[in-house]
S.K.: 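Just passing along the structure, written as structure tokens.
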Amino acid sequence: MSIFTRRNFLKSTVASMAVLGGVAVYWPKSGFAQPNVGMFNALKIPPLLDGREESGVQVYDLTMQNGITEFFEGYQTPTSGINGSYLGPTLKMREGSTVRLNVSNELGEPSTLHWHGMHLPARMDGGPHQVVNDGETWSPEFTIKQKAASLWYHPHLMGKTAEHVWRGMAGMILIEDSETDALPLPKRYGIDDVPLVLQDRMLTRDGRMDYRLSMHSRTMGMVGNIPFANGTYAPYFEATTTKLRLRVLNGSNASTYNLALNNGQSFTQIATDGGLLESPVSLTLLQLAPAERAELVVDLVAGEVVTLNNVTDGATGGGMMANENNNAVAFPVLEIRAANELTASAPPPENLTSITWLKEADAVKTRIFNLEMQMGMGRMSSGGNSHSINGKVLDMMHIDETVNLGDTEIWELRNVSMMPHPFHMHDVQFQILDRNGRPPAANEHGRKDVVMVNSGEVVRIIMKFEDYADPDAPFMYHCHILEHEDAGMMGQFVVV
Ligand code: C2O
Ligand code: CU
Ligand code: CU
């Protein structure tokens with residue numbers, strides 16, 4: 001077993017331990033001051049699916065299926081994926097084009113596929129109301145009415161989302177438009193424009209990653225002991241350009257990542273959930289909550305090796321990647337090996353895009369959402385829900401909010417619980433007005449569909465409901481810690 005043979009990996013202070021294939025797997029407690037722990041698997045790049053044209057419609061065939069994945073040599077892990085055994089292809093779509101997704105279910109159980117971040121009619125959304133039964137094919141069709149962005153897709157079956165995503169069903173969607181076509185950004189897929197799906201999974205001694213909730217993971221969300229990027233353990237990427245664009249998706253069930261380079265250098269964020277920022281933002285630390293995306297540009301020097309790490313960040317309290325004792329741990333996410341000769345890339349331009357900012361004065365309504373956690377063993381052990389929004393857990397037969405088409409609204413998210421909750425809403429890309437009355441950080445000043453709401457925080461977001469109304473088909477809003485969502489920390493709104 002060759003996973004953790006490097007001595008320097010084992011000698012560091014131990015924060016948590018798991019056992020895989022009879023070999024103890026240790027996470028070092030403190031950061032990665034030591035060069036690295038040995039990253040030895042080439043980063044897998046999900047295949048790019050362009051779709052095929054059928055009388056003016058781009059058609060994508062997606063099959064949800066079970067399979068076996070060998071994350072570790074010699075260990076056969078039962079997993080699920082889309083068109084493969086783990087994760088799914090990256091779907092490339094263009095603004096203005098009409099797409100049809102043929103979603104076939106070969107899982108042996110019902111599921112759904114939801115297009116996270118997409119502005120579309122509710123019936124095409126793939127949420128809990130669009131169940132695809134085993135053996136069936138569901139074919140939603142819609143027109144891409146939004147700017148270039150890195151979105152994603154994942155199952156969204158009521159009560160089963162966490163388990164289905166955990167088993168491996170997720171993929172990225174890259175929307176392109178003429179604006180980004182004209183920008184000198186790295187855009188060669190898998191070469192200088194690389195998707196990076198970050199996930200952590202709990203693997204057992206025999207290499208299985210069964211989804212089993214303890215009382216702790218039911219409350220805090222399911223956190224793993226093994227980090228993966230694109231389903232690759234201990235990944236490295238061989239870069240050939242002076243700038244590497246990483247489209248990072250936090251595809252974890254519950255963990256928040258705090259990303260930094262091991263050399264302390266800054267990197268540039270050019271896009272957030274819903275697309276490009278107006279200008280690039282230079283960062284040394286990026287917090288990425290579950291379901292959030294960030295497009296980063298990393299500067300490389302020929303012959304150099306840099307590591308993107310998850311660092312512990314006590315300050316935010318959101319650096320989860322925790323064991324059952326909830327110790328936040330640090331670990332390398334991706335080792336970037338720059339070739340001895342690099343092709344020069346252009347720097348990201350100062351003006352990336354322009355965003356139409358919604359004005360507070362144009363909002364016709366403010367809705368309040370209290371994000372709550374009820375403590376108490378009685379509720380937990382009886383299998384009751386401990387997380388709720390405005391005192392309610394999801395009732396799929398009940399519409400919580402009714403919104404008028406064309407309206408601009410403010411949603412005020414109040415976290416009155418003791419842990420952070422990443423709030424997500426369907427249909428729209430919103431803008432963050434303020435956090436506890438203060439304007440958002442520059443890298444959150446863009447189109448968002450997930451926002452971390454920290455304990456005790458009040459976050460105000462503003463959004464406009466356009467194009468699609470349907471009194472009978474709701475959109476969802478929820479906490480994107482998938483265990484919270486499954487437990488009913490979710491509501492639904494209709495646009496009429
Ligand atoms: Cu990423 Cu309601 O989902
Ligand atoms: Cu979504
Ligand atoms: Cu939550």
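Each ligand, and each atom within it, is numbered from 1 in the order the structure gives.
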S.K.: Any N/O/S atom, side chain or main chain, of H426 closer to atom 2 (Cu) of ligand 1 than 2.8 Å?
M.R.: yes

S.K.: For atom 2 (Cu) of ligand 1, decide whether H478 has an N, O or S atom at a distance under 2.8 Å.
M.R.: yes

S.K.: Output yes if H114 passes the N/O/S-under-2.8 Å test against the Cu ion (ligand 2); output no otherwise.
M.R.: yes

S.K.: Parallel, tilted or perpendicular: which describes the rings of F71 and Y86, with under 30° parallel and over 60° perpendicular?
M.R.: perpendicular

S.K.: Counting backbone and side chain alike, does H156 bring an N/O/S atom below 2.8 Å of atom 2 (Cu) of ligand 1?
M.R.: yes

S.K.: Restricting to N/O/S, name the atom of H421 that gets closest to the Cu ion (ligand 3).
M.R.: ND1

S.K.: Would you compute the distance between atom CE of M209 and atom OG1 of T79 and round it to the nearest 0.5 angstrom?
M.R.: 6.0 Å

S.K.: Just checking K44: does its NZ atom have more than 12 heavy atoms from other residues, nucleotides or ligands closer to it than 6.0 angstrom?
M.R.: yes

S.K.: Show the nearest heavy-atom pair for residues V131 and P110, with the distance to one decimal.
M.R.: CG1-CB, 3.8 Å

S.K.: Measure from the Cu ion (ligand 3) to each N, O or S atom of H387 and report whether any distance is below 2.8 Å.
M.R.: no

S.K.: May I ask you to check if any N/O/S atom from H156 comes under 2.8 Å of the Cu ion (ligand 2)?
M.R.: no

S.K.: So, H484 and the Cu ion (ligand 3): N/O/S under 2.8 Å, yes or no?
M.R.: yes

S.K.: Provide the closest heavy-atom pair for S252 versus D200 in the form atom of the first, atom of the second, distance.
M.R.: OG-OD1, 3.0 Å

S.K.: Please check if any side-chain donor atom of T69 sits under 3.5 Å from a side-chain acceptor atom of S85, or the reverse.
M.R.: yes

